[in-house]
Colleague: 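Please see the structure below; I have some questions.
Because only heavy atoms are used, hydrogens play no part in the values below, and waters and symmetry mates are left out as well, while side chains stay in. The first residue in the sequence is number 1, and the count goes up from there. None of these values were measured; they are calculated from a predicted model.
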Amino acid sequence: MHILITGATRGIGAGLAAAYRAQGHDVTGTGRSSGAEVTLDVTQPQDHRAMAAQLAGRPIDLLVCNAGVYLDKGNDLETGYAADLWAQTFAANVTGVFLTVQTLLPNLRAAPAPRIAIISSQMASHTRAPGGSYIYRASKAAVLNLGRNLSSDLAGEVAVGIYHPGWVQTDMGGGAADITVDEAVVGLMQRFAALNHETTGCFETWDGRAHAY
């Protein structure tokens with residue numbers, strides 16, 4: 001199985017890449033640094049064009065859209081949430097996911113049972129609105145909506161799932177987070193394996209619970 005993971009140079013993406021490789025799968029990891037198999041800043045159309053050329057003709061069985069940013073952590077309502085933070089966050093967390101899927105559709109359609117896994121967050125849900133993190137929450141809600149619509153447009157072709165990875169002990173999640181990267185990876189891999197045309201459009205937690213939209 002050929003798996004492409006965006007944002008694979010650290011955190012959950014790196015953990016997924018290592019685990020899939022340990023199982024013997026062909027993994028292509030992307031990242032902004034030169035340490036990735038494919039150099040990709042998901043906000044840059046020219047990077048997507050270069051990736052398309054590099055991967056031309058190679059089927060992708062599973063695309064994991066993991067790359068993302070959390071730039072407004074700790075901002076306050078009165079003085080924070082600058083306009084450029086909104087633009088940068090949505091470029092990475094929403095537009096970047098769309099461009100990745102759009103770019104790799106030919107590769108996905110060349111696979112026998114292709115799947116797309118989009119990493120969102122429980123912070124996307126209308127049931128969790130404690131305030132704060134306005135930009136990150138809005139971007140994750142937007143990418144949840146994006147995934148739901150992709151599941152409709154690609155019904156019968158590509159299964160699409162959206163996932164909350166847990167509050168994970170990464171640079172983004174912080175050391176006080178609930179679960180380790182390894183725990184998140186094991187759970188997410190189980191979710192991705194269960195994704196099919198019957199469950200397409202699902203929004204699930206890393207440990208298999210359906211999450212309210």
Colleague: Determine, using ring centers only, whether Tyr163 and Phe203 are less than 6.0 Å apart.
Modeller: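 Not under 6.0 Å, so no.
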Colleague: Hey, does Met123 have a side-chain heavy atom less than 4.5 Å from the side chain of Tyr136?
Modeller: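 Yes; the side chains approach each other to less than 4.5 Å.
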Colleague: Between Pro112 and Asp61, what is the shortest heavy-atom contact and its length?
Modeller: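 Shortest heavy-atom contact: CD-OD1, 3.7 Å.
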Colleague: Report yes if the side chains of Pro114 and Ile60 come closer than 4.5 Å at any heavy-atom pair, otherwise no.
Modeller: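 They are not in side-chain contact.
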Colleague: Indicate every side-chain donor-acceptor pair of residues 146-155 with a distance under 3.5 Å to a residue at least two apart or in another chain.
Modeller:
unit_1	atom_1	unit_2	atom_2	d
Arg148	NH1	Gly201	O	2.9
Arg148	NH1	Tyr213	OH	2.7
Asn149	ND2	Asn145	O	2.9
Asn149	ND2	Asn145	OD1	3.0
Ser151	OG	Arg148	O	2.6

Colleague: If I take atom CG from residue Leu40 and atom CD from residue Gln46, how far apart are they, to the nearest 0.5 angstrom?
Modeller: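 Rounded to the nearest 0.5 Å, the CG-CD separation comes to 10.0 Å.
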Colleague: Just grab all the side-chain hydrogen bond (donor to acceptor under 3.5 Å, both in side chains) pairs involving residues 186-202, residues at least two apart or on different chains.
Modeller: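 The answer is Asn196-Thr199.
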Colleague: Is it true that a side-chain atom of Thr30 and a backbone atom of Val38 form a donor plus acceptor pair closer than 3.5 Å?
Modeller: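 Side chain of Thr30 to backbone of Val38: no pair is present.
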Colleague: Cluster question for you: counting only ILVMFWY and a side-chain heavy-atom cut-off of under 4.5 Å, with indirect links fine, are Val143 and Ile5 together?
Modeller: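 Each belongs to a different hydrophobic cluster.
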Colleague: Do Asp182 and Thr180 pair up side chain to side chain, a donor and an acceptor below 3.5 Å, judged on atom types alone?
Modeller: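 No.
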Colleague: Return the CZ to OH distance between Phe192 and Tyr20, rounded to the nearest 0.5 Å.
Modeller: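 Rounded to the nearest 0.5 Å, the CZ-OH separation comes out at 5.5 Å.
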Colleague: Determine the minimum heavy-atom distance between Gly7 and Ala67, stating which atoms define it.
Modeller: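 So the minimum-distance heavy-atom pair works out to N-CB, 3.7 Å.
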Colleague: For the hydrophobic clusters of this structure (ILVMFWY residues joined by side-chain heavy atoms under 4.5 Å, transitively), does one cluster hold both Val27 and Val185?
Modeller: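 Looking at the clustering, Val185 is in the same group as Val27.
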Colleague: If you take all heavy atoms of Ala36 and Thr9, which pair is closest and at what distance?
Modeller: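 Closest heavy-atom pair between Ala36 and Thr9: CB-CG2, 3.9 Å.
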Colleague: Using a 4.5 Å cut-off on heavy atoms from C-beta on, say whether the side chain of Leu4 contacts that of Leu55.
Modeller: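 Leu55 reaches Leu4 side chain to side chain.
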Colleague: Look up atom OH in Tyr81 and atom CG in Asp72, then write down how far apart they are to the nearest 0.5 Å.
Modeller: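 With rounding to 0.5 Å, OH (Tyr81) is 5.5 Å from CG (Asp72).
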Colleague: Does one side chain, of Ser133 or Tyr70, offer a donor that lies under 3.5 Å from an acceptor on the other?
Modeller: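 Yes.
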Colleague: Can you pull the side-chain hydrogen bond (donor to acceptor under 3.5 Å, both in side chains) pairs that have at least one residue in residues 96-117, sequence neighbours excluded?
Modeller: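 Sorted pair list: Arg109-Glu157.
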Colleague: Between His164 and Ser120, is any side-chain donor less than 3.5 angstrom from a side-chain acceptor?
Modeller: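 The criterion, which ignores hydrogens and geometry beyond distance, is not satisfied for Ser120 and His164.
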Colleague: Could you state whether Leu71 and Val42 fall into the same hydrophobic cluster, counting links through intermediate Ile, Leu, Val, Met, Phe, Trp or Tyr residues with side-chain heavy atoms under 4.5 angstrom apart?
Modeller: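 No; tracing contacts between hydrophobic side chains, which count when under 4.5 Å, never links both residues.
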Colleague: Please check if the side chain of Lys140 supplies one atom and the backbone of Val94 the other of a donor-acceptor pair under 3.5 Å.
Modeller: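 No, Lys140 side chain to Val94 backbone: no donor-acceptor pair under 3.5 Å.
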Colleague: Can you tell me how far apart CG (Asp41) and OG (Ser33) are? Round to the nearest 0.5 Å.
Modeller: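 Between atom CG of Asp41 and atom OG of Ser33 there are 11.0 Å.
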Colleague: Please determine if Glu37 and Arg21 form a salt bridge, counting it only when a charged side-chain N lies under 4.0 Å from a carboxylate O.
Modeller: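 Yes, charged N to carboxylate O under 4.0 Å.
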Colleague: Provide the closest heavy-atom pair for Leu195 versus Gly161 in the form atom of the first, atom of the second, distance.
Modeller: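 Closest heavy-atom pair between Leu195 and Gly161: CD2-N, 3.6 Å.
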Colleague: I'd like to know if Asp47 and Arg49 make a salt bridge, using a cut-off of under 4.0 Å between side-chain N and carboxylate O.
Modeller: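 Salt bridge between Asp47 and Arg49, a charged N being under 4.0 Å from a carboxylate O: no.
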Colleague: Using the side chain to side chain contact (heavy atoms under 4.5 Å, CB included) definition, which of the options Asn93, Asn75, Thr89, Val69 pairs with Ile135?
Modeller: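 The side chain to side chain contact (heavy atoms under 4.5 Å, CB included) with Ile135 is passed solely by Thr89 among Asn93, Asn75, Thr89, Val69.
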Colleague: Check for me, please, whether Ile162 and Val64 land in the same ILVMFWY cluster - side-chain distances under 4.5 Å, paths through other members count.
Modeller: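 Per the 4.5 Å side-chain linkage, Ile162 and Val64 are not co-clustered.
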Colleague: Please confirm whether the backbone N or O of Gln122 pairs with a side-chain atom of Ser125, one donor and one acceptor, at under 3.5 Å?
Modeller: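 No, Ser125 side chain to Gln122 backbone: no donor-acceptor pair under 3.5 Å.
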Colleague: Judged by atom type as modelled, is there a donor-acceptor pair below 3.5 Å linking the side chain of Arg209 to the main-chain atoms of Glu204?
Modeller: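 No, because the side chain of Arg209 does not come within donor-acceptor range (under 3.5 Å) of the backbone of Glu204.
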Colleague: Ile3 and Ile12: same hydrophobic cluster, using ILVMFWY side-chain contacts below 4.5 Å?
Modeller: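 Same hydrophobic cluster.
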Colleague: Please step through side chain to side chain contact (heavy atoms under 4.5 Å, CB included) for the pair Leu62 and Ile116, ending with a clear verdict.
Modeller: CA-CA 6 Å; Leu62 171 62; Ile116 298 170; over 6 Å; no
Colleague: Under a 4.5 Å cut-off applied to non-hydrogen side-chain atoms, are Met51 and Thr39 in contact?
Modeller: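 Met51 does not reach Thr39 side chain to side chain.
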Colleague: Drop me the distance from Leu63's CG to Thr6's OG1, to the nearest 0.5 angstrom.
Modeller: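 OG1 of Thr6 is found 7.0 Å from CG of Leu63.
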Colleague: Nearest heavy-atom pair of Pro165 and Ser121: which atoms, and what distance?
Modeller: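 Heavy atoms of Pro165 and Ser121 come nearest at CD-CA, 4.5 Å.
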